[in-house]
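So the structure is just underneath, and the comments pick up after that.
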Amino acid sequence: MPKDLSEFPIQYIKGVGPIRAKLLERLGIKTVRESLLYLPCRYEDRRNIKKIYDLIPGNHEAVSGKVVSSGIKKLPGRNLTIFELVLNDGSALLTAKWFNQAYLKKAFQIGDDLLLYGTVKRDSYRGIGFEMGNPEYEILTDGEDPGIHLNRIVPVYRVTKGLSARQMRSIMFQIVTTCIEEVRDVMPVEILKRHSLPGLSESFEQVHFPGPNSDLEILNRGESDFHRRLSFDELFVLELGLAVIKKRNTFESGISFLPDGPLVKKFIGMLPFRLTSAQQRVFGDIARDMESRHPMNRLVQGDVGCGKTIVALMAMVKA
């Protein structure tokens, strides 16, 4: 792998390949570097997988178990179908319902190990037992490390058609675990110390797969120290770019306009009012910039009616 992750194609990461690489390209991800900068849109707390028997109505909970039945119901007199699935974890049964999503019938098989995450309610039909309406789901695949998707704070990424949230998380886990040591932190150490910022490798690692003691609320607000570091980098690079542009103007050659000639003086003499001291001062600043041998880059800011237009017109006459 090249030291510069911005040059390493995402296609060659284990578990990606050419087909998924095209799907990731829809998300703006072509390289490993771009994948590390593709942050989770939110985080889910799956540190505590509840038994169905212990669920509390009104809470947002995660449960796992086996699919024991599934079917589609059509409500009479209404253009509404309900796909229902029953989950058994050995302690009790839970009914999951999805509205107008009959296609989900093909997604599940009896005996599938399934994770559900959603708001718990009492069974609205029977009055006993629990149900979830439109919960998020993941089929737990044999041979895959469940530690990526369960018993932890789990990152959730925006995905595209053909790429599930679970697949995206597995790809990101592979990237973080295999490429994180190749991340180069170019931020000067004194700046990191001054602002109490963590290292870049640690920040990528913790933003994508937070530690067990992380604060879920702070993570979902994007206000962890690790989010702050990545935000700082983005602003720092922007400011650095602006500084380079500004510095470049001191080296580039521009048009050096002559000092004020008779045209500017004649124009000022034709005005039906006298220029204010502020207008004269600002035009003097602009005139000095125009007479220098470097390009001018200046913004005139002021309230409505303060004279910005007349100052601009004077600069045009000078040009």
Side-chain angles (χ1 to χ4, degrees), residues 1-10 12-13 16 24-25 27-45 47 148 152-158 168-169 171-254 285 289 292 294-301:
M1 179 179 296
K3 292 296 182 181
D4 187 356
L5 297 181
S6 63
E7 297 179 358
F8 191 81
I10 193 74
Y12 300 112
I13 291 295
V16 179
L24 290 168
E25 190 172 342
L27 303 174
I29 301 173
K30 296 180 181 179
T31 67
V32 169
R33 176 76 179 184
E34 288 171 341
S35 71
L36 290 173
L37 292 170
Y38 192 79
L39 305 187
C41 60
R42 71 176 190 281
Y43 300 85
E44 294 178 355
D45 191 350
R47 288 173 291 190
I148 304 174
R152 68 181 306 149
I153 293 178
V154 170
V156 179
Y157 301 89
R158 289 185 177 88
M168 184 68 180
R169 190 179 306 120
I171 290 170
M172 293 305 305
F173 187 80
Q174 180 70 20
I175 290 170
V176 169
T177 53
T178 58
C179 303
I180 203 68
E181 293 183 0
E182 301 294 337
V183 171
R184 292 187 296 179
D185 195 342
V186 297
M187 190 68 67
V189 175
E190 59 269 22
I191 292 180
L192 296 180
K193 289 182 178 179
R194 187 188 313 156
H195 297 282
S196 301
L197 296 170
L200 189 57
S201 295
E202 183 186 10
S203 296
F204 278 134
E205 188 173 17
Q206 291 298 318
V207 162
H208 287 288
F209 292 94
N213 298 320
S214 301
D215 187 308
L216 185 69
E217 185 176 344
I218 290 176
L219 286 169
N220 276 319
R221 291 203 307 263
E223 295 177 359
S224 72
D225 288 343
F226 309 107
H227 283 88
R228 192 166 64 91
R229 166 65 204 272
L230 299 182
S231 298
F232 183 90
D233 278 25
E234 188 173 349
L235 290 172
F236 185 86
V237 170
L238 175 62
E239 287 293 324
L240 195 61
L242 293 173
V244 168
I245 293 173
K246 186 175 181 180
K247 187 68 174 177
R248 187 176 61 199
N249 287 343
T250 65
F251 295 102
E252 288 185 353
S253 296
D285 291 341
D289 278 358
S292 77
H294 303 297
M296 178 176 70
N297 185 16
R298 183 172 287 276
L299 169 71
V300 178
Q301 179 177 323

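- Taking CD of E44 as the reference point, atom CG of L219 lies at 12.5 Å (rounded to 0.5 Å).
- The minimum heavy-atom distance between S224 and I218, with the atom names listed, is N-CG2, 3.4 Å.
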Should V154 and I148 be marked as a side-chain contact (heavy atoms from CB on, under 4.5 Å) after you check the CA-CA gap, both sets of side-chain angles, and the distance that decides it?
CA-CA 8 Å; V154 170; I148 304 174; over 6 Å; no
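- A 4.5 Å side-chain heavy-atom check between V156 and P40 finds every atom pair outside the cut-off.
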Could you go step by step and tell me if F8 and R33 meet the side-chain contact (heavy atoms from CB on, under 4.5 Å) rule?
CA-CA 8 Å; F8 191 81; R33 176 76 179 184; over 6 Å; no
Using distance only, find each side-chain donor-acceptor pair of residues 232-241 under 3.5 Å and give its atom names and separation, not counting sequence neighbours.
{"from": "D233", "atom 1": "OD1", "to": "R229", "atom 2": "NE", "distance (Å)": "2.7"}
{"from": "D233", "atom 1": "OD1", "to": "R229", "atom 2": "NH2", "distance (Å)": "3.3"}
{"from": "D233", "atom 1": "OD2", "to": "R229", "atom 2": "NH2", "distance (Å)": "3.1"}

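- For the pair Y38 (side chain) and G28 (backbone), a donor-acceptor distance under 3.5 Å is absent.
- In terms of heavy atoms, S214 sits closest to R47 at O-NH1, 3.4 Å.
- Atom OH of Y43 sits about 8.0 Å away from atom CG of N220, to the nearest 0.5 Å.
- Around atom CD of E217, no more than 12 heavy atoms belonging to other residues, nucleotides or ligands sit under 6.0 Å away.
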Applying side-chain contact (heavy atoms from CB on, under 4.5 Å), run through M168 and I29 and close with a yes or a no.
CA-CA 12 Å; M168 184 68 180; I29 301 173; 3.8 Å; yes
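- How far CG of L192 is from CE of M187: 6.5 Å, rounded to the nearest 0.5 Å.
- Of the inter-residue distances, the one linking N297 atom CG with D289 atom CG reads 9.0 Å to the nearest 0.5 angstrom.
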Mind listing the side-chain donor-acceptor pairs of residues 193-207 below 3.5 Å, one per line with the distance, residues two or more places apart or on another chain?
{"from": "S201", "atom 1": "OG", "to": "I180", "atom 2": "O", "distance (Å)": "3.2"}
{"from": "S203", "atom 1": "OG", "to": "G199", "atom 2": "O", "distance (Å)": "2.7"}
{"from": "Q206", "atom 1": "OE1", "to": "G211", "atom 2": "N", "distance (Å)": "3.0"}

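- Residue I13 holds its CD1 atom at 10.5 Å from CG of L24, rounded to the nearest 0.5 Å.
- Side-chain atoms of P9 and V32, non-hydrogen and from C-beta on, never get closer than 4.5 Å to each other.
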Worked verdict on H208 versus Y157 for side-chain hydrogen bond (donor to acceptor under 3.5 Å, both in side chains):
CA-CA 10 Å; H208 287 288; Y157 301 89; 2.9 Å; yes
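- Inter-residue side-chain proximity for I10 and E34 is flagged as unmet; no heavy-atom pair is nearer than 4.5 Å.
- M172 is listed as a side-chain neighbour of S35, based on a closest heavy-atom distance under 4.5 Å.
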Run Q174 and I171 through side-chain contact (heavy atoms from CB on, under 4.5 Å) and show every step you take.
CA-CA 5 Å; Q174 180 70 20; I171 290 170; 5.7 Å; no
